[in-house]
Protein chains: 4
Amino acid sequence: MKNIGFIGLGVMGGPMAANLARAGHSVVGHDLGAERVERLVAAGGRGAADLADAVAGADVVITMLPDSPDVEAVALGPDGVLRQARRGTLYIDMSTVRPETARRLARAGAAAGVRVLDAPVSGGEPGAVEGRLSIMVGGEKADFAAAAPLFEVLGTTVAHVGPAGAGQTVKAANQLVVGGVYALVAEALVLLEASGVDGRTGLDVLAGGLAGSRVLDLKRASMVNREFTPGFRIDLHHKDMGIALAAAREADVALPMTGLVAQLIAAARSQGHGSLDHSALLKVVENISGKDRA
Amino acid sequence: MKNIGFIGLGVMGGPMAANLARAGHSVVGHDLGAERVERLVAAGGRGAADLADAVAGADVVITMLPDSPDVEAVALGPDGVLRQARRGTLYIDMSTVRPETARRLARAGAAAGVRVLDAPVSGGEPGAVEGRLSIMVGGEKADFAAAAPLFEVLGTTVAHVGPAGAGQTVKAANQLVVGGVYALVAEALVLLEASGVDGRTGLDVLAGGLAGSRVLDLKRASMVNREFTPGFRIDLHHKDMGIALAAAREADVALPMTGLVAQLIAAARSQGHGSLDHSALLKVVENISGKDRA
Amino acid sequence: MKNIGFIGLGVMGGPMAANLARAGHSVVGHDLGAERVERLVAAGGRGAADLADAVAGADVVITMLPDSPDVEAVALGPDGVLRQARRGTLYIDMSTVRPETARRLARAGAAAGVRVLDAPVSGGEPGAVEGRLSIMVGGEKADFAAAAPLFEVLGTTVAHVGPAGAGQTVKAANQLVVGGVYALVAEALVLLEASGVDGRTGLDVLAGGLAGSRVLDLKRASMVNREFTPGFRIDLHHKDMGIALAAAREADVALPMTGLVAQLIAAARSQGHGSLDHSALLKVVENISGKDRA
Amino acid sequence: MKNIGFIGLGVMGGPMAANLARAGHSVVGHDLGAERVERLVAAGGRGAADLADAVAGADVVITMLPDSPDVEAVALGPDGVLRQARRGTLYIDMSTVRPETARRLARAGAAAGVRVLDAPVSGGEPGAVEGRLSIMVGGEKADFAAAAPLFEVLGTTVAHVGPAGAGQTVKAANQLVVGGVYALVAEALVLLEASGVDGRTGLDVLAGGLAGSRVLDLKRASMVNREFTPGFRIDLHHKDMGIALAAAREADVALPMTGLVAQLIAAARSQGHGSLDHSALLKVVENISGKDRA
């Protein structure tokens with residue numbers, strides 16, 4: 001049993017914290033939304049008076065926050081996690097942020113005597129609820145080992161992928177590939193249908209060969225039917241593509257496909273589809289060919 | 001048992017014709033390379049004196065040729081297949097050509113009383129040798145049914161995907177997705193390695209999640225090791241991207257990702273990697289980031 | 001005074017042939033549209049009975065046709081220009097076609113004793129009417145010198161740019177740059193307006209600095225006003241981008257920007273703007289950002 | 001005569017501050033590099049003891065700093081410009097930063113009683129030295145009027161383009177167009193040369209027609225000669241493309257060309273050309289086609 005301070009009880013963080021509480025850990029949650037805190041209490045956790053209260057007695061602090069600036073504020077701010085945490089605390093940021101942010105946290109943690117892991121996840125809300133996330137972890141091996149029992153509560157695929165920042169880098173790589181595969185499948189579908197080929201039949205063939213992918217396996221039926229209930233929202237993938245481009249910049253590499261995918265996902269958002277599933281990239285590809293559907 | 005005229009006994013057509021002969025069909029092969037014809041004879045077929053000889057007594061004529069102009073010359077030329085074939089002959093073009101070429105053949109066939117199918121394949125030389133190709137077929141349902149026993153000799157996945165040209169359209173869609181996925185995986189790998197993450201570990205994680213694909217399953221190990229023995233050559237994928245762009249033009253759709261993938265594959269060829277496996281797209285992505293390996 | 005056979009009396013060819021007639025040359029025109037031939041007669045030319053009639057007595061044959069296959073049919077066909085022309089005739093193809101087509105014409109001309117130039121133009125319908133075209137000429141220097149007096153009737157900027165095909169290559173390079181600059185100016189304008197900056201003011205500043213261009217000079221006012229009367233139609237630029245990509249393929253180079261520009265122009269056409277001016281690329285860029293105007 | 005505090009005396013800021021001093025203004029300069037301060041003193045200015053000293057007695061404060069975080073630190077930090085400046089001071093940030101940073105400065109200035117303009121420049125080091133910059137100014141009209149006499153010392157083209165942030169938006173739009181035009185001209189040149197056309201001749205023709213641009217006018221000779229002495233460095237253009245993409249994100253628009261241009265410029269930097277002129281984008285385009293020169 002660990003004493004866990006959990007900061008950020010949103011769509012992802014809420015069910016993750018609840019799963020940890022249900023697994024028998026003492027979870028003290030902090031979030032500005034009172035209703036969110038209530039939900040953790042209902043699952044067996046406790047609401048923190050403030051951030052300091054969540055961090056004070058914790059063996060492990062977890063943050064699950066929207067974006068890099070949020071994490072930097074909560075972790076590095078004057079009253080932030082690294083100031084409040086006892087020496088030897090294990091601090092795990094499970095948000096999706098820039099690799100450089102993860103490395104900053106690790107450096108600041110080292111200075112403060114706090115052990116830091118970056119551990120972004122994939123699998124979306126269903127994965128968070130069902131404890132079936134994939135977790136990509138960067139940081140020291142010993143710290144990963146210490147955190148492993150908690151990760152096993154939260155996910156089914158857990159991998160230590162390298163030093164500080166590596167978890168975020170792998171997440172960024174994952175997101176650029178996923179976004180790109182959606183765009184490619186969308187282009188294939190638009191080409192098929194505009195050529196008079198039944199989309200379902202055509203994508204079935206693609207799914208069975210070298211063009212096959214998890215995206216085709218899981219999403220081709222809903223794409224053919226134009227069902228775009230999330231799943232994982234365009235808005236979040238847009239944020240993640242920003243991170244992927246920032247990661248490329250930090251690593252001093254040029255990624256032409258990623259640059260284009262980022263703009264196509266930005267287009268989905270600009271066109272008002274930000275709250276649809278990321279497979280709604282199809283709407284952008286249809287639209288650019290004048291094949292919009294009502 | 002069918003009387004088959006088989007035109008084009010190259011890397012793909014050679015083993016395909018041989019498999020049909022071994023399956024008990026009477027195969028008369030035509031190719032300008034005498035050595036290629038010899039190989040068919042060794043497998044139980046017969047060499048044709050000329051194209052007319054291959055077509056004259058055939059129930060089924062199959063062409064397996066490099067590109068659209070070759071097929072148009074052989075099929076539509078003054079002494080071509082459609083002139084030589086008896087009424088009622090089934091003519092199957094298994095080359096990868098433009099959908100518009102397939103539709104031209106079908107129209108010309110209708111005028112000449114010849115039934116025409118377009119039936120491009122994927123699976124490469126190993127698939128041709130082992131009779132494990134995927135075959136995408138466009139044309140009349142009844143003609144597909146008539147050809148099905150032959151397709152079963154040649155491949156394991158055989159699908160009738162729509163009217164004339166549909167087979168070529170599905171093949172084009174397949175190739176644009178495959179080329180694009182290679183480019184995305186290459187960008188992911190370059191980002192990972194340049195960020196200090198072990199490429200194998202990172203791609204293993206991607207392969208297990210929503211970023212997963214047949215390309216990752218089959219090729220990530222060789223990509224990490226920079227082993228680019230074909231498989232399927234860049235030169236052929238370059239040709240196929242030209243077909244995909246032509247198909248988009250014919251269907252009056254715009255495919256931005258496909259447009260970029262085509263240029264990246266063109267770059268692989270320009271840089272001298274035309275005879276390597278298409279996974280060598282990685283070399284282009286490395287090169288653009290100044291990460292070339294000796 | 002030259003005897004000129006002029007084949008193709010359309011939007012461009014019509015006024016060009018008329019200008020040659022008005023300049024005192026004997027012009028025999030051929031076109032399938034009787035009304036077009038009438039217009040040449042009104043300008044002082046003569047209508048040909050057929051292609052042979054136009055070519056038979058000509059010192060110079062000029063073709064001005066829509067696309068590569070048209071030129072190949074008219075020039076290389078069994079009753080085509082090269083068959084009909086006397087040895088020593090100067091044959092100038094002023095159509096915009098693939099460099100490879102121009103080189104084929106030159107090779108076939110050499111075999112037939114006909115001197116061949118490729119001489120595509122820019123400047124659009126107004127340039128044709130006013131004799132103010134730019135003319136890019138490939139072929140032998142002596143043949144260029146022989147043709148120069150005719151070119152001076154048709155255009156104001158006339159350049160011999162290299163051997164056979166060079167004229168078409170320069171035209172292709174011109175069109176990829178023009179298409180790309182339109183796309184860039186469109187992106188700049190969409191960014192400015194979406195950021196609350198007056199488009200006219202912003203583009204005025206760009207026009208005065210290193211971002212300045214002929215496109216900004218001539219078209220920024222109409223772009224800001226969303227006036228897209230051609231000028232030069234999207235449909236034609238779409239054709240020309242196909243030529244530019246084919247030229248890149250023939251030269252074995254990879255052009256990523258060109259690949260993307262081609263798809264954006266294809267999108268303009270797919271969206272139904274084919275008959276608008278190429279500056280209507282702005283509509284694609286607006287559309288992709290959800291900023292369409294009624 | 002104005003009392004000016006000038007912060008950031010680098011390649012651009014140094015000569016700008018010197019020009020203001022020579023024009024008779026009292027300039028107190030601040031920079032961490034003592035040598036840079038010396039140069040201002042030599043031009044008739046004074047060195048500040050610290051930032052507070054530069055700001056304390058100033059009517060006008062100018063910052064000319066590398067990037068958004070620098071400006072935010074100097075302007076908004078606990079001892080920053082807005083804390084130190086007297087109410088009514090005019091604060092002009094002439095750095096190139098994100099439009100959102102400019103808007104933040106304006107909001108913070110309003111709260112502190114300081115009038116703020118964003119006034120990025122183009123024209124590079126020569127323009128700074130010779131007082132021939134182009135200056136794009138965002139902010140209140142009255143504040144622009146107050147600053148105009150100073151701008152006239154620094155530049156020849158000065159435009160008030162809109163409210164706070166507008167100057168930065170116009171600069172971003174300028175840089176995306178310039179970067180894109182270089183990439184297009186590079187692709188044209190590579191296509192010409194690989195096709196056997198003399199690059200100089202071909203680009204001369206382009207420069208005279210609708211493809212013409214300031215880039216072609218000023219840089220085609222050096223590009224043909226592969227002379228890449230800056231001018232304006234790739235590293236800076238790389239930074240500016242990051243700003244352009246951030247500006248697009250802030251304005252919620254999608255810019256596909258810009259996305260690709262940013263990666264090509266990133267490639268130039270990744271390949272080690274960061275300190276060359278931005279026309280060295282040509283090296284990336286050559287390289288991708290396997291046409292590298294020693």
Side-chain angles (χ1 to χ4, degrees), chain A residues 99 122-123 134 136 157 159 161-163 165-166 169-170 172-178 180-181 183-185 187-192 194-198 201-202 204-206 208-215 218 244 247-248 250-258 260-261 264 285 288-289 291, chain B residues 99 122-123 134 136 157 159 161-163 165-166 169-170 172-178 180-181 183-185 187-192 194-198 201-202 204-206 208-215 218 244 247-248 250-258 260-261 264 285 288-289 291:
Chain A
S122 71
S134 293
M136 295 146 264
T157 308
V161 294
T169 301
V170 172
N174 190 77
Q175 294 304 81
L176 78 85
V177 170
V178 170
V181 171
L184 292 165
V185 169
E187 294 198 359
L189 182 54
V190 166
L191 174 61
L192 289 167
S195 304
V197 179
D198 179 62
T201 306
D204 282 355
V205 171
L206 266 58
L210 189 53
S213 62
R214 201 67 48 88
V215 161
L218 300 178
E250 288 156 14
D252 198 12
V253 294
L255 306 180
M257 295 282 288
T258 302
L260 182 53
V261 172
L264 294 176
V285 175
I288 204 171
S289 291
K291 306 286 181 191
Chain B
S122 71
S134 293
M136 296 147 261
T157 307
V161 294
T169 301
V170 172
N174 189 78
Q175 294 304 79
L176 80 85
V177 170
V178 170
V181 171
L184 292 165
V185 169
E187 294 198 358
L189 182 54
V190 166
L191 174 61
L192 289 166
S195 303
V197 179
D198 178 63
T201 307
D204 283 354
V205 171
L206 266 58
L210 188 54
S213 63
R214 200 67 48 88
V215 162
L218 299 179
E250 290 157 13
D252 199 12
V253 294
L255 306 180
M257 295 282 288
T258 303
L260 182 55
V261 172
L264 295 176
V285 175
I288 204 171
S289 290
K291 306 285 181 192

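Proteins get letters first, then strands, A, B, ... in listed order; numbering begins at 1 in each.
- Minimum interatomic distance between A251(B) and L191(A) (heavy atoms only, all atoms of both residues): CB-CD1, 4.2 Å.
- Using a 4.5 Å cut-off between heavy atoms, T157(B) makes no contact with chain A at all.
- The parts of T169(A) that come within reach of chain B are both its backbone and its side chain, each placing non-hydrogen atoms under 4.5 angstrom from that chain.
- Taking both residues in full, the closest heavy atoms of A173(A) and A188(B) are given as CB-CB, 4.0 Å, listed atom of the first, atom of the second, then distance.
- The side-chain heavy atoms of L260(B) and P256(A), taken from C-beta on, include a pair separated by under 4.5 Å.
- In terms of heavy-atom pairs under 4.5 angstrom with chain A, the leader among I288(B), V181(B), N174(B) is N174(B).
- Chain A forms more heavy-atom pairs under 4.5 Å with one residue of R214(B), E187(B), K291(B) than with any other, namely E187(B).
- Contact count against chain A (heavy-atom pairs under 4.5 Å) is highest for V215(B) among V215(B), D204(B), D198(B).
- Comparing D252(B), L192(B), V178(B), L255(B) by heavy-atom pairs within less than 4.5 Å of chain A, the highest count is held by L255(B).
- The parts of T258(A) that come within reach of chain B are both its backbone and its side chain, each placing non-hydrogen atoms under 4.5 angstrom from that chain.
- Contact annotation for L189(A): neither backbone nor side-chain heavy atoms come within less than 4.5 Å of a heavy atom of chain B.
- Proximity to chain A (any heavy atom under 4.5 Å) is restricted, for M136(B), to the side chain, taken from C-beta onward.
- Counting heavy-atom pairs closer than 4.5 Å to chain B, the top residue among L206(A), V177(A), V197(A) is L206(A).
- Looking at P99(A), neither its backbone nor its side chain comes within 4.5 Å of chain B, counting heavy atoms on both sides.
- At a 4.5 Å heavy-atom cutoff, the contact between L218(B) and chain A is made by side-chain atoms alone.
- The two residues M257(A) and A183(B) have their closest heavy-atom pair at CG-CB, 3.8 Å.
- When every heavy atom of G196(A) is checked against every heavy atom of P163(B), the shortest pair comes out as O-CD, 4.2 Å.
- Remark: V161(A) pairs with A159(A), A166(A), V170(A), T201(B), V205(B) by the side chain to side chain contact (heavy atoms under 4.5 Å, CB included) rule, at least two apart or across chains.
- For chain A, the option among G202(B), A244(B), G123(B), G208(B) with the highest count of heavy-atom pairs below 4.5 Å is G208(B).
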